[in-house]
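One structure is given below, encoded as structure tokens.
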Amino acid sequence: MEPLISATLRHPHRVFFPGDELLCEYQLDAVMQSDVHAVEAAVLWFTEGKGTEDMGVHCFHRRTPDDAEDQDLRSLHQFGTILPNSPLSYSGLIVKIRWCVRIRLFLRDARQYHHDIPFELRARPC
Amino acid sequence: MPRYRLLGKKRGTKRTGSNLVGSLGEAAFFTLLFVIGVLGLTALVVAQVNHPSPNYRLGFGFWLMVGVMVSFILIGGGGVVIRIFKVGMSSERRLALARKAAHIDLLSDAMPSTIDFPSIPRDSDLTNSPGVRLAYRLPAMHSPVVRLATITVFSVVWNIVSVVLVIVAWSSHREDQADWLLTLFALPFVGIGIWSGFYTVKQWWQHASIGPTHVEISEHPLYPGKAYDVYMSQMGQMKLDSLTLALVCDEEATFHQGTDIRTETRRVRSQEFFRETEVRIEPGSPFEQVCRITIPEDGMHSFHSSHNAVTWNLVVKGESTSWPSFERSFPVVVYPLSVEESESLAAGS
């Protein structure tokens with residue numbers, strides 16, 4: 001059975017503006033504590049469309065068992081970041097820009113699992 | 001769950017099949033290259049030491065082989081080190097490390113940085129030339145000088161080769177030892193040489209007739225919803241059916257197609273701000289015009305990443321039936337409204 005990565009954004013509509021604070025919390029289930037090697041959480045954008053995919057990481061946290069209480073990375077953990085001015089989410093003809101929070105789980109046997117939570121970064125209305 | 005198969009496709013950093021198998025395959029390839037380099041270099045040196053020949057000095061072939069083997073060692077060794085570095089490291093982590101390193105570098109730079117506006121190109125190259133009428137003179141995207149110089153050099157070199165071939169062929173005919181193979185070989189050379197000569201002269205004549213285009217702008221960078229003054233001047237000696245100034249937005253996507261790298265461009269916005277018909281331009285009296293442009297409120301900001309881009313350009317286009325038409329682009333950078341800009345605009349309205 002695959003491990004379960006549960007993650008939620010503290011913003012129900014998943015629409016953010018530059019300068020907003022994004023808060024995310026995540027936890028792991030269906031995995032033994034001793035099997036977890038590390039957990040990475042990243043707020044990133046990536047491109048879609050005709051071109052080769054590009055990616056940019058705005059915020060990155062990596063946690064190993066030494067960083068957690070009782071060395072248990074499965075318990076609920078929260079992180080936050082202030083969103084940047086750019087690049088804004090965009091749906092063009094051959095270029096699209098998407099934002100997401102990506103939680104990546106590394107197991108001790110070298111397997112990796114990840115879970116994405118998409119959101120939009122829009123221009124702040126005047 | 002990734003499926004294991006012998007062949008897979010790779011696009012950018014993405015691949016079908018297992019990442020682990022792909023990484024192992026790359027590591028095996030670089031290891032093999034490294035081992036071949038080490039063994040080859042060792043064999044070369046040992047053979048030279050064990051069987052030195054006093055009659056022969058080390059020649060070009062020996063040093064060529066040494067160079068090849070050393071390059072195998074460097075490429076193979078470097079590849080293995082990079083593979084080991086990447087094993088177990090996510091692409092997000094690698095990018096985060098690269099971003100941290102880039103920020104350290106940017107902190108020492110006095111120019112306006114991209115830290116505040118990530119993935120938006122700097123405008124320092126666009127604002128380093130003051131204008132005569134307005135604040136900044138914008139540089140043209142592609143200077144015709146490089147293209148003209150390339151065409152001219154090609155034409156000169158090609159025609160020199162053609163003349164040499166013709167002289168040699170002509171000599172053989174004069175000495176009654178006609179080299180027909182050389183003569184036939186020289187004919188297409190001469191044809192291409194004549195064509196390139198005419199083409200070069202035509203390009204220089206067109207360049208001299210059309211003359212330079214200057215575009216100046218009142219402010220930079222640009223922001224959605226704001227208006228700016230633009231001054232344009234067109235020099236030369238010509239008669240145009242129409243002369244236009246437009247603000248255009250293009251998307252650019254670079255991708256691999258087989259072994260080629262291709263870039264596709266799509267125009268997603270084009271707004272004409274000025275059009276003049278029946279334009280006659282004489283030497284010493286350039287056509288000049290000031291107009292006001294507005295960046296669309298819902299327009300995307302400029303964006304640039306390794307393989308994708310959104311660009312904005314001011315495009316001057318001259319069309320004529322009797323003269324060659326031309327189109328010249330002047331890049332501008334559009335920023336999104338920052339938090340402070342948005343608040344000040346909201347307060348103003």
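As a basis for the values below, the full set of heavy atoms in this structure was taken, side chains included, without hydrogen atoms, waters or symmetry mates. Quick note on labels: first sequence line is chain A, next is B, and so on, each numbered from 1.
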Checklist line | Under 3.5 Å: donor-acceptor pair, side chain of B:His301, backbone of A:Leu88 | finding: yes
Taking every heavy atom of A:Gly56 against every heavy atom of B:Leu95, the minimum-distance pair comes out as N-CD1, 4.5 Å
>> Checking the side chain of A:Asn85 only, and the main-chain atoms of B:Asp116 only, is there a donor and an acceptor separated by less than 3.5 Å?
In response: yes
B:His307 and A:Glu53 have their tightest heavy-atom pair at ND1-O, 4.5 Å
In short, B:Met300 meets A:Ile97 closest at the heavy-atom pair CE-CD1, 3.6 Å
**OP:** Determine whether more than 12 heavy atoms belonging to other residues, nucleotides or ligands lie under 6.0 Å from atom CD of B:Glu297.
**Re:** no
Heavy-atom closest pair (B:Asn308 atom, A:Thr47 atom, distance to 0.1 Å) is ND2-OG1, 3.1 Å
Should B:Leu337 and A:Arg124 be marked as a side chain to side chain contact (heavy atoms under 4.5 Å, CB included) after you check the CA-CA gap, both sets of side-chain angles, and the distance that decides it?
CA-CA 7 Å; B:Leu337 290 173; A:Arg124 191 173 283 277; over 6 Å; no
Side chain to side chain contact (heavy atoms under 4.5 Å, CB included) filter on A:Val31, not counting sequence neighbours, yields A:Pro3, A:Leu28, A:Asp35, A:Val36, A:Arg74, A:Leu107
One option among B:Ser306, B:Ser302, B:Ala309 has the most heavy-atom pairs under 4.5 Å with chain A, and it is B:Ser306
If one checks every heavy atom of A:His114 against chain B at 4.5 Å, the contacting part turns out to be neither
TODO: Could you check if a side-chain atom of A:His58 sits within less than 4.5 angstrom of a side-chain atom of B:Pro118, using non-hydrogen atoms only?
DONE: no
Contacts under 3.5 angstrom, residues 247-255 of chain B side chains, donor-acceptor by atom type, not counting sequence neighbours:
from	atom 1	to	atom 2	distance (Å)
B:Asp250	OD1	B:Arg267	NE	2.9
B:Asp250	OD2	B:Arg267	NH2	3.2
B:Glu251	OE1	A:Leu93	N	3.0
B:Glu251	OE1	A:Ile94	N	2.7
B:Glu251	OE1	A:Val95	N	3.1
B:Glu251	OE2	A:Tyr90	OH	2.5
B:Glu251	OE2	A:Leu93	N	3.0
B:Thr254	OG1	B:Thr263	OG1	3.1

Inset, instruction - Applying side chain to side chain contact (heavy atoms under 4.5 Å, CB included), run through B:Glu92 and A:Met55 and close with a yes or a no. - result: CA-CA 8 Å; B:Glu92 296 92 66; A:Met55 189 166 80; 3.9 Å; yes
Quick one, A:Trp45 and B:Ser119 - any side-chain contact, counting heavy atoms below 4.5 Å?
yes
Distance col, row B:Ser90:OG vs A:Leu105:CG, nearest 0.5 angstrom, shows 12.0 Å
Among A:Ala38, A:Ala42, A:Gly92, the residue with the most heavy-atom pairs under 4.5 Å to chain B is A:Gly92
- request: Could you tell me whether B:Lys317 atom NZ has more than 12 heavy atoms of other residues or ligands within 6.0 Å of it?
  value: no
